[in-house]
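Right, one structure below, let's go through it.
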Amino acid sequence: MSTAIRIMQGSFGRVALLDMDKPLVTHAHHHCHILLKASGADSRFTVRGRMQPLTAASAVLVNAWEPHAYTPLDESLRGTVILALYIDCTWLAGIHRQLAVAGHPHFFSQPCVPITPAIRKRADDLAAEMTCQPDIAPARLDQQLSGLAIAVLDPFSEWRNAGSLVRAGLPRAPDARIRRAMGYLQEHITEGIGMDALASRACLSRAHFFALFRKYTSLSPGVYANALRMEAAIGELGYGDRPMAEISHGLGFSAQSHFTRFFRQHLGITPTDYRRKASVLTAAGS
C-alpha cells in the first residue's frame with residue numbers, strides 16, 4: 001500500500017516524499033510538477049501519451065495542467081520512494097520574473113530528462129532531511145526547494161527563452177462557453193455537478209462539450225473537475241481541522257469511503273495519511 005513519508009505545504013506549493021507501489025489515475029495539477037526517484041524500484045509515469053521512466057538517472061517533468069498517470073513497473077516489486085514537487089508558479093515568479101512563464105503549457109519541452117550531478121545531490125539532500133529531520137526551518141526549506149527547482153529548470157525548461165515561448169505559443173483563450181463551464185466548476189466544485197448538466201449549462205451536446213473542453217484545455221471536464229476537488233481537499237486537510245466526514249460531505253461525496261477511494265486514486269495515499277504526515281510552513285522570515 002502506498003504511504004506518505006512526509007509532506008510539506010507552503011507558499012511554494014507542496015513537496016512530498018511518497019512510498020508508491022500502486023497506480024494513479026490520469027490527473028492534473030495547476031502546479032509545475034517535478035518528479036524524482038529517491039530510492040526503491042524504478043518506475044514510470046505516463047505523460048503525453050507515452051511511458052516516461054523514473055529512475056536514479058532520469059526525472060519526469062509535467063507542465064501545469066498537463067494530464068499524467070502513475071504506473072509502477074511491477075506492483076509485486078518493492079515500492080518507489082518519490083520526491084514530488086508541486087511548485088506554485090507565483091512562487092517561482094518571485095525567484096525570477098522570467099519564471100512567470102512556468103504555467104505555460106510548453107514550459108517543459110521534454111517530459112523525461114537526465115539527472116545531472118547537481119540535481120541528484122540536491123534531491124538526495126532534501127529527501128534525507130525530510131526523512132530524518134523532525135523540524136525543517138521555513139527559510140531552510142525555501143532555500144533547498146529554490147536551489148533544486150533552479151537546478152532542474154535551468155537546463156530543462158524554457159524559462160530563459162520566456163519572450164520567445166510566449167510569442168511562439170500563447171495558449172488559446174477558451175471558447176466563452178468553456179470559460180463559463182470552468183468558472184461554474186470552480187464556484188460549485190463542492191456540489192459534485194454531473195457532466196451532462198455541465199454540458200447543458202454550456203448549451204452544448206455532451207460530445208461537443210467534451211471535444212471543445214479538451215481542445216482548449218487538453219483535459220477532459222472530469223479530470224479538470226477532479227483536480228479542483230483534490231486541491232480543495234488538500235487545502236482542508238493541510239490547513240483545517242474539520243472532521244473527515246465533514247470534509248467528505250462538503251466536497252460532494254455521498255460517503256466518506258468514496259472520498260477516501262477518490263483521494264487514493266489521485267495521490268496514492270488516504271486522506272487520513274495525508275493529514276497525519278502533512279505540515280504547513282509559514283513564509284520564510286515570518
Side-chain angles (χ1 to χ4, degrees), residues 4 6-18 20 24-36 45-48 52 54 59-70 82-96 98-113 119 122-123 126 130 138 141-142 144-154 156-159 162 165 171 182 185-186 189 217-219 223-239 263 265-269 274 277-281 283:
R6 192 167 188 184
I7 302 167
M8 290 179 285
Q9 296 175 225
S11 60
F12 51 84
R14 296 191 300 278
V15 56
L17 196 61
L18 306 168
M20 300 288 293
L24 301 180
V25 298
T26 298
H27 60 288
H29 317 281
H30 69 272
H31 305 90
C32 182
H33 200 23
I34 298 173
L35 297 149
L36 299 136
F45 281 79
T46 301
V47 188
R48 304 182 196 177
Q52 311 294 342
L54 184 71
V60 175
L61 309 179
V62 185
N63 287 306
W65 293 113
E66 187 167 48
H68 57 288
Y70 176 60
I82 299 174
L83 181 63
L85 278 60
Y86 308 79
I87 306 177
D88 185 88
C89 297
T90 302
W91 180 79
L92 280 176
I95 296 175
H96 194 289
Q98 282 185 241
L99 285 170
V101 297
H104 193 282
H106 303 301
F107 183 63
F108 292 128
S109 59
Q110 299 291 329
C112 185
V113 298
I119 294 172
R122 288 183 180 277
L126 177 56
M130 291 179 69
L141 180 62
D142 195 82
Q144 287 181 300
L145 282 174
S146 59
L148 177 54
I150 292 300
V152 174
L153 301 182
D154 203 32
F156 300 124
S157 79
E158 298 297 323
W159 79 280
L165 181 68
M182 293 171 73
L185 277 173
Q186 292 166 5
I189 195 61
T217 69
S218 299
L219 300 168
V223 169
Y224 180 76
N226 287 342
L228 296 178
R229 191 180 272 191
M230 271 298 294
E231 285 304 313
I234 285 169
E236 287 274 10
L237 294 168
Y239 293 91
F263 200 92
Q265 288 172 338
H266 286 78
L267 195 59
I269 61 176
Y274 188 97
K277 303 295 176 57
S279 56
V280 177
L281 279 70

Sub-4.5 Å side-chain heavy-atom contact between [X] and [Y]:
X	Y	answer
His266	Val25	yes
Ser218	Glu66	no
Met8	Met130	yes
Phe12	Leu141	yes
Leu185	Met182	no
Phe107	Leu61	no
Val60	Val113	no
Ile234	Tyr274	yes

Verify, without hydrogens or angle tests, whether [X] (side chain) and [Y] (backbone) share a donor-acceptor contact under 3.5 angstrom.
X	Y	answer
Lys277	Ala4	yes
His27	His68	yes
Asn63	Phe108	yes

* Asked: Which residues satisfy the side chain to side chain contact (heavy atoms under 4.5 Å, CB included) test with Ile189, sequence neighbours excluded?
  ->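 Side chain to side chain contact (heavy atoms under 4.5 Å, CB included) check on Ile189 returns Ala225, Leu228, Arg229.
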What is the distance from atom [atom1] of [X] to atom [atom2] of [Y], rounded to the nearest 0.5 Å?
X	Y	atom1	atom2	value
Leu281	Gln9	CG	CD	9.5 Å
Ile82	Tyr70	CD1	OH	4.0 Å
Leu18	Arg6	CG	CZ	13.5 Å
Leu99	Cys89	CG	SG	9.5 Å
Trp159	Gln98	CH2	CD	6.0 Å
Cys112	Arg48	SG	CZ	11.0 Å

* Could you give me the CA-CA distance, side-chain angles and deciding distance for Leu148 and Leu85, then say whether side-chain contact (heavy atoms from CB on, under 4.5 Å) is met? => CA-CA 10 Å; Leu148 177 54; Leu85 278 60; 3.8 Å; yes
* To do: Verify whether the ring centers belonging to His104 and His106 lie closer than 6.0 Å.
  =>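 Yes, the ring of His104 comes within the 6.0 Å limit of the ring of His106, centre to centre.
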* Establish, yes or no, whether a centroid distance under 6.0 Å links the rings of His29 and Trp65. =>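 They do not qualify: ring centres at least 6.0 Å apart.
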Ignoring hydrogens, what is the shortest heavy-atom contact between [X] and [Y]? Give both atom names and the distance.
X	Y	result
Ala93	Ala100	CB-CA, 3.8 Å
Ala102	Leu92	CB-CD1, 3.6 Å
Val15	Leu83	CG2-CD1, 3.9 Å
Met20	Gly268	CE-CA, 4.0 Å
His31	Asp88	CD2-N, 4.0 Å
Leu35	Ala84	CD2-CB, 3.8 Å

* **Flag if over 12 foreign heavy atoms under 6.0 Å of CD, Gln110** =>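 Open.
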* Asked: Under 3.5 Å, is there a donor-acceptor pair linking the side chains of Gln186 and Tyr224?
  ->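 There is such a pair between these side chains.
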* **Audit row: Val62, Ile34, side-chain contact (heavy atoms from CB on, under 4.5 Å) steps and yes/no** => CA-CA 6 Å; Val62 185; Ile34 298 173; over 6 Å; no
* For Trp91 and Ser146, what are the C-alpha separation, side-chain angles and deciding distance, and is it a side-chain contact (heavy atoms from CB on, under 4.5 Å)? -> CA-CA 9 Å; Trp91 180 79; Ser146 59; 3.9 Å; yes
